[in-house]
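What follows is a single structure, written as structure tokens, with notes after it.
Note that the structure is a prediction, hence the values are computed from the model and not measured.
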Amino acid sequence: MYCLVYMSSPTREMDDEEVQELLRRAKQNNDRDGITGILIHTRRRYLQCLEGEEARVEAAFARISLDRRHRAIIRLQSGTIDRRQFPGWALASKMAVNGGSLKEIVEPLVRNCDRAVANELLKFAEARDRAASDQATRQG
């Protein structure tokens, strides 16, 4: 089993309808390709974990990398894992709303994940929460 975790930024803020369409298409593609995973997002950042057969996951990442809705795409980790981290989820999706803690959303989702994958997703959530807190402090 192969796992790839990446982070990106949208080229522009998408409204809820656009995000839902993006997720719908991603789920269809993932179902077709036997890929499972999770997308954690805010209005300014995406963090996604894709898992499945290596060639299919890499092909999905290549498509994402060419998608003009993404910029600043950074591969955080990739490699072999012992088992699927998100079995049964063609693409689980969680969004942090203004003022909400992304870490509180992510923690229960990664409870049964391998430690390395869970740590990568939690690091992202914690960094986002710190940035949101710093921004609120500067504005307040």
Side-chain angles (χ1 to χ4, degrees):
M1 186 62 46
Y2 185 77
C3 178
L4 186 148
V5 179
Y6 76 90
M7 181 173 61
S8 69
S9 298
T11 53
R12 64 175 179 78
E13 190 171 313
M14 290 190 279
D15 64 30
D16 291 341
E17 189 174 307
E18 290 173 302
V19 170
Q20 291 307 312
E21 178 59 19
L22 177 100
L23 293 172
R24 186 188 65 74
R25 281 197 194 145
K27 286 178 183 180
Q28 282 180 326
N29 291 339
N30 289 354
D31 275 340
R32 178 195 67 216
D33 295 337
I35 294 173
T36 56
I38 188 168
L39 172 65
I40 300 165
H41 57 101
T42 67
R43 295 271 182 213
R44 295 184 182 158
R45 296 278 185 273
Y46 297 122
L47 177 72
Q48 187 166 21
C49 173
L50 300 169
E51 55 193 14
E53 194 271 324
E54 182 175 357
R56 290 183 179 208
V57 169
E58 287 291 347
F61 183 65
R63 281 191 309 274
I64 292 164
S65 297
L66 294 173
D67 188 324
R68 292 183 174 169
R69 294 172 291 193
H70 293 270
R71 65 180 173 81
I73 299 171
I74 302 167
R75 180 190 299 245
L76 299 173
Q77 75 179 53
S78 58
T80 304
I81 55 175
D82 292 333
R83 63 182 174 83
R84 286 188 189 270
Q85 306 298 296
F86 304 100
W89 288 353
L91 181 61
S93 171
K94 292 293 179 185
M95 180 176 179
V97 295
N98 292 340
S101 168
L102 189 58
K103 183 179 179 190
E104 289 176 9
I105 293 170
V106 173
E107 281 179 322
L109 296 172
V110 300
R111 197 166 281 134
N112 295 318
C113 290
D114 292 343
R115 193 57 11 218
V117 173
N119 285 342
E120 196 66 48
L121 297 174
L122 285 168
K123 281 192 307 189
F124 170 80
E126 290 167 351
R128 182 270 177 190
D129 286 351
R130 274 193 308 277
S133 176
D134 290 348
Q135 184 178 16
T137 300
R138 285 191 302 272
Q139 291 176 348

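Between the CG atom of Leu122 and the CD atom of Glu107 there is a distance of 6.0 Å, given to the nearest 0.5 Å. One finds the CD atom of Gln77 at 6.0 Å from the SG atom of Cys3 (value rounded to the nearest 0.5 Å). In this structure, Glu126 CD and Ser101 OG are separated by 9.0 Å, a value rounded to the nearest 0.5 Å. Rounded to the nearest 0.5 angstrom, Leu4 CG and Glu58 CD are separated by 5.5 Å. Between the CG atom in Asp114 and the CZ atom in Arg83 there is a gap of 4.5 Å [rounded to 0.5 Å].
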Pair Glu53, Asp33 - check side-chain contact (heavy atoms from CB on, under 4.5 Å), show working. CA-CA 9 Å; Glu53 194 271 324; Asp33 295 337; over 6 Å; no
Start with the C-alpha distance between Gln20 and Arg24, add both sets of side-chain angles, then the distance that settles side-chain hydrogen bond (donor to acceptor under 3.5 Å, both in side chains), and finish with yes or no. CA-CA 6 Å; Gln20 291 307 312; Arg24 186 188 65 74; over 6 Å; no
Evaluate the criterion side-chain contact (heavy atoms from CB on, under 4.5 Å) for residue pair Leu121 and Leu109; output intermediate values, then yes/no. CA-CA 10 Å; Leu121 297 174; Leu109 296 172; over 6 Å; no
I would like to know whether Leu50 and Asn30 meet side-chain contact (heavy atoms from CB on, under 4.5 Å); could you show each step before the answer? CA-CA 9 Å; Leu50 300 169; Asn30 289 354; 4.3 Å; yes
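The environment of CZ in Arg25 is sparse: at most 12 heavy-atom neighbours from other residues, nucleotides or ligands sit within 6.0 Å. For Asp82, the CG atom is loosely surrounded, since the number of other residues' heavy atoms within 6.0 Å does not exceed 12. More than 12 heavy-atom neighbours from other residues, nucleotides or ligands sit within 6.0 angstrom of CZ on Arg32.
For the pair Asp129 (side chain) and Lys103 (backbone), a donor-acceptor distance under 3.5 Å is present. Proximity of a side-chain donor or acceptor of Glu18 to a complementary backbone N or O of Asp15 within less than 3.5 Å is detected. In this structure a side-chain-to-backbone donor-acceptor pair under 3.5 Å is present from Glu51 to Phe86. Checked by atom type and distance alone, the side chain of Ser9 never pairs as donor or acceptor with a backbone atom of Ala72 at under 3.5 Å. Using modelled atom types, one side-chain atom of Asp67 and one backbone atom of Arg69 make a donor-acceptor pair closer than 3.5 Å.
The shortest non-hydrogen separation linking Ile73 to Ile64 is CD1-O, 3.8 Å. Nearest heavy-atom pair across Ile35 and Arg56 is CD1-O, 3.5 Å.
Remark: Glu120 engages Lys123 in a salt bridge, criterion side-chain N to carboxylate O under 4.0 Å.
Taken together through direct or relayed side-chain contacts under 4.5 Å among Ile, Leu, Val, Met, Phe, Trp and Tyr, Ile74 and Val117 form part of one hydrophobic cluster.
Under the ring-ring contact (aromatic ring centres under 6.0 Å, His included) criterion, the residue pairs touching residues 50-80 are Tyr6-Phe61, Tyr46-His70, with sequence neighbours excluded. Within the structure, ring-ring contact (aromatic ring centres under 6.0 Å, His included) pairs that include any residue of residues 13-36 do not occur (at least two apart or interchain).
In this structure, the side chains of Met1 and Arg84 come closer than 4.5 Å at one or more pairs of heavy atoms.
Looking at residues two or more places apart in sequence or on another chain, you find no salt bridge (Lys or Arg N to Asp or Glu O under 4.0 Å) involving Glu104.
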